[in-house]
Amino acid sequence: MADVRDILDLERPATPELTKESVLAKNKKIYEKKLAVKRPEGMHREVFALLYNDNKDAPPLLPTDTGTGYKQTKARLGMKKVRRWEWAPFSNPARSDGAVFHHWKRCSDEPKEYPFAKFNKQLEIPVYNIAEYNTHLKTNPTKWSKPQTDHLFDLAKRFDVRFIIMADRWDRANYGSKTVEDLKERYYEVIGLLNKVRGTPEKKIYVFDADHERRRKEQLKKLFDRNAKQIEEEQTLLNELKKIEARKKERERKTQDLQKLISQADQQQAELQQQHATSSHKKHDKKLKKKIQQQPRPSKVDSVVNAVESAGIKFTDLRGTGVSLRSQKMKLPANVGQKKAKALEQALQEFKVDPNPPPIEEICVAFNELRSDMVLLCELRTALATCNFELESLKHQYEALCPGKTLNIPAALVNPPNEDVSGVSELDVSGLV
């Protein structure tokens, strides 16, 4: 550009003075440009920001709290004298052997108890005397003698009731062979008797079922010792069981759909019969009377009686090989419709019964029987209302066919409409409230 200006005889711009500052600034810009790292294609901005900080320093290899990455802050050295340290002896009060140890401590620190001694927690193992043992703890000498019981409680005190270690350190040469279950059974038996004799109700009394524990371990051992063929056979049986349950659920679903169709057909038939009965009250000609007399009147009592006979809930019996909760026994089957489930829920509220009682074996059986009886009670109430309606319909038809006469229904067949039938004596819900 300068040569062109010279040829055209134009004024040239002033050449800037070359100084040290301008050169350093120029080099600085080049250096900064070289330091600029371009974000790789495809990498998110947040991930790229984790690689460098504001000063473009490399990330630290280890987590730091200095705030400056891998760089260490300079130590601030003053003119004060350093505090003196000494190699001082100390003892652990949790030890009973009086061992003396040494560690570094400041000379200005006051002497205090070893801080880690507070973590040495000791269990309180009860002690019994000869009179208590002879009166309350004495048992069959062939199973447990006094020396064996004393050795058991000595091990419990030494190893803080760690029964696996106690069984390993058991002196078999002098006291015979004992399993872990035997040690647990005898220990908790003695603890329970001592708490009961000394009158300490605040302490919980544990009852250890040694036979159940032995059976549990035996079952686990059998489960662990299975070979590949047995595992494959069991898996095949489980698959077959799943198929059977699936077919059973499909049959129950089809049965439920069929019951819905039957109930809808019965309902439509009942509506047609009710319309026919209403129209018969308004017509008084003889032709209609003869027709009514010749044709037998369809009744809903038969369908209601069939519904009552089939009332109740058939709960599924969980006898699978897999693991299941006992509370599943109280689950309503799939063939129970929403209408029946709603009526059952209202009945539970009426009798003030807990809808989710504790799933104990006895409570499960009693609760299922109670709900089945409640469903039967609802069906009986429906049947009673249907019979009352049938009696009233018969009375109106008779009066329509025979003007001037009144049909007197026997008192044994009439149920007062305001009679309270909720207090059924067969339902005993006192144990489930």
Side-chain angles (χ1 to χ4, degrees), residues 139-140 142-144 148 151-152 155-156 159-189 191-192 206-259 312-337 341 356-369 371-372:
T139 182
N140 189 1
T142 59
K143 295 180 63 177
W144 283 93
Q148 290 176 334
H151 182 53
L152 170 65
L155 292 176
F159 302 110
D160 292 336
V161 201
R162 294 180 175 89
F163 289 102
I164 303 297
I165 303 176
M166 292 165 57
D168 180 70
R169 301 300 177 89
W170 182 264
D171 190 355
R172 295 174 177 80
N174 296 325
Y175 302 106
S177 178
K178 295 291 183 182
T179 62
V180 178
E181 290 76 19
D182 297 335
L183 301 183
K184 286 185 178 181
E185 185 180 26
R186 179 56 175 170
Y187 177 80
Y188 287 117
E189 179 187 4
I191 293 296
Y206 295 95
V207 179
F208 180 74
D209 192 351
D211 295 334
H212 175 76
E213 184 69 12
R214 294 188 186 97
R215 291 194 301 269
R216 185 184 70 84
K217 289 186 176 181
E218 184 179 357
Q219 292 293 335
L220 288 177
K221 187 176 183 303
K222 290 181 180 179
L223 185 66
F224 184 76
D225 293 340
R226 293 177 303 169
N227 52 31
K229 184 177 180 181
Q230 292 175 341
I231 295 175
E232 184 179 359
E233 182 181 0
E234 181 181 0
Q235 189 63 35
T236 304
L237 293 176
L238 289 176
N239 294 334
E240 292 295 330
L241 177 62
K242 290 181 180 179
K243 294 180 181 178
I244 294 173
E245 291 179 351
R247 291 195 293 267
K248 182 180 178 182
K249 289 182 179 179
E250 183 67 19
R251 288 196 301 269
E252 290 179 352
R253 187 184 63 81
K254 292 182 179 179
T255 303
Q256 185 177 0
D257 295 340
L258 183 61
Q259 288 179 354
I313 304 176
K314 294 182 180 180
F315 291 89
T316 56
D317 190 8
L318 302 176
R319 293 184 179 179
T321 57
V323 179
S324 61
L325 298 176
R326 191 183 290 117
S327 58
Q328 293 182 355
K329 295 182 179 180
M330 299 189 298
K331 185 179 180 181
L332 290 176
N335 57 358
V336 178
N356 298 310
I360 305 174
E361 185 68 27
E362 295 80 5
I363 292 181
C364 288
V365 176
F367 188 62
N368 291 340
E369 293 178 355
R371 288 187 293 178
S372 181

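- Between the NZ atom of K178 and the NZ atom of K143 there is a distance of 8.0 Å, given to the nearest 0.5 Å.
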* Evaluate the side-chain contact (heavy atoms from CB on, under 4.5 Å) criterion for residues I191 and Y206: first the C-alpha distance (whole Å), next the side-chain angles of each, then the deciding distance (0.1 Å), finally the verdict. => CA-CA 8 Å; I191 293 296; Y206 295 95; 6.0 Å; no

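- Here the CG-CG distance, from D225 to L220, works out to 10.5 Å after rounding to the nearest 0.5 Å.
- Using a 4.0 Å cut-off between charged nitrogen and carboxylate oxygen, K184 and E213 do not count as a salt-bridge pair.
- When every heavy atom of Q148 is checked against every heavy atom of Y175, the shortest pair comes out as NE2-O, 2.8 Å.
- Classification of E218 and K221 as a salt-bridged pair fails, no side-chain N sitting under 4.0 Å from a carboxylate O.
- The side chain to side chain donor-acceptor pair (under 3.5 Å) search around D182 returns T179, R214, not counting sequence neighbours.
- Every side-chain contact (heavy atoms from CB on, under 4.5 Å) that T255 has, sequence neighbours left out, goes to Q259.
- A donor-acceptor pair is defined here as one N or O able to donate and one able to accept, closer than 3.5 Å; no such pair exists between the side chain of R371 and the backbone of N368.
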Using atom types as modelled, flag every donor-acceptor pair under 3.5 Å from a side chain in residues 163-171 to any protein atom, sequence neighbours excluded.
| from | atom 1 | to | atom 2 | distance (Å) |
| --- | --- | --- | --- | --- |
| W170 | NE1 | G176 | O | 2.7 |
| D171 | OD1 | A173 | N | 3.4 |
| D171 | OD2 | N174 | ND2 | 2.7 |

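- Under a cut-off of 6.0 angstrom, the local environment of NZ in K242 is sparse, with at most 12 non-hydrogen atoms contributed by other residues, nucleotides or ligands.
- With values rounded to the nearest 0.5 angstrom, E181 atom CD is found 9.5 Å from E185 atom CD.
- Between D257 and R253 there is a salt bridge, since at least one side-chain N of the basic residue sits less than 4.0 Å from a carboxylate O of the acidic one.
- A salt bridge does not link K249 with E252: every distance from a Lys NZ or Arg NE/NH1/NH2 to an Asp or Glu carboxylate oxygen is 4.0 Å or more.
- Applying the 6.0 Å contact sphere to CD of Q230 captures more than 12 heavy atoms from other residues, nucleotides or ligands.
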